[in-house]
Structure formats: structure tokens, C-alpha cells
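Worksheet: one structure, shown below.
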Amino acid sequence: MIGADYDWRDDALCAQVGPDLFFPPLGSYARAARAICKACPVRLRCLDWSLSLEDDEFGILAGLSSSDRAAIRAGKVSIHWLESLEVAS
């Protein structure tokens with residue numbers, strides 16, 4: 001079935017809000033987007049997908065910035081680090 005690998009997106013909380021929230025201005029922490037991701041039931045699926053992207057320069061995916069994802073890809077940070085992330089208050 002075409003698109004079956006992306007069926008998890010139907011359960012993503014970000015699908016219920018506008019995309020602008022997940023593409024904040026440079027320098028913004030994107031607290032609201034990160035909070036939505038933290039509560040999302042498919043966060044780890046999203047992380048797996050986001051780490052597979054070749055062109056990944058912008059946006060909050062799985063609660064992480066492009067810099068966070070680059071650090072995971074480079075092996076500077078463990079994916080298990082994701083479990084300890086808290087949304088800054």
C-alpha cells in the first residue's frame with residue numbers, strides 16, 4: 001500500500017495545529033511546538049523519520065531543532081538523550 005510507512009502521521013499531534021508553529025523565527029526556542037511534540041504519541045516514529053531526512057535545515061520535528069538532530073546524526077548526542085528532554089519553562 002502506498003504511503004503505509006507514513007500512517008503514523010495520522011496520530012501526530014502536530015497534524016492538529018498549523019505548521020507555522022513548528023517553523024519559528026531563527027533564534028526562537030519554539031517552546032509551544034516542543035511541548036506538543038513532548039506529548040505526542042508518535043514522537044519516536046517522528047524522530048526516526050526526521051533523522052532519515054537528507055535536507056533537514058529547518059523546523060521542530062520530534063521536539064528537536066535541526067541542530068539537535070544534526071548532533072544525534074553526528075553521534076555527539078545519544079537518541080536516548082531525547083527521553084531526558086524537558087520543555088524549558
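Numbers here are sequence positions counted from 1.
- Rounded to the nearest 0.5 angstrom, L61 CG and W49 CH2 are separated by 5.5 Å.
- Under a 3.5 Å cut-off, the side chain of R9 and the backbone N or O of A15 do not form any donor-acceptor pair.
- In this structure a side-chain-to-backbone donor-acceptor pair under 3.5 Å is present from R69 to L64.
- In summary, of the residues considered (V42, L13, L47, I60), a side-chain contact (heavy atoms from CB on, under 4.5 Å) with C37 occurs for I60 alone.
- A distance of 10.5 Å separates CD in E57 from OG in S67, rounded to the nearest 0.5 Å.
- Summarising the geometry, atom CG belonging to L21 is positioned 12.0 Å from atom CZ belonging to R31; distances are rounded to the nearest 0.5 Å.
- Here the side chains of D56 and R73 are in contact, with some heavy-atom distance below 4.5 Å.
- Y6 contributes atom OH, which lies 10.5 Å from atom CZ of R45 (distance to the nearest 0.5 angstrom).
- Annotation for K38 and R43: closest pair CA-NH1, 3.7 Å, computed over non-hydrogen atoms.
- In this structure the side chain of C46 reaches within 4.5 angstrom of the side chain of W8, judged on heavy atoms.
- Note that CG of L26 is 9.5 Å distant from OG of S28, once rounded to the nearest 0.5 Å.
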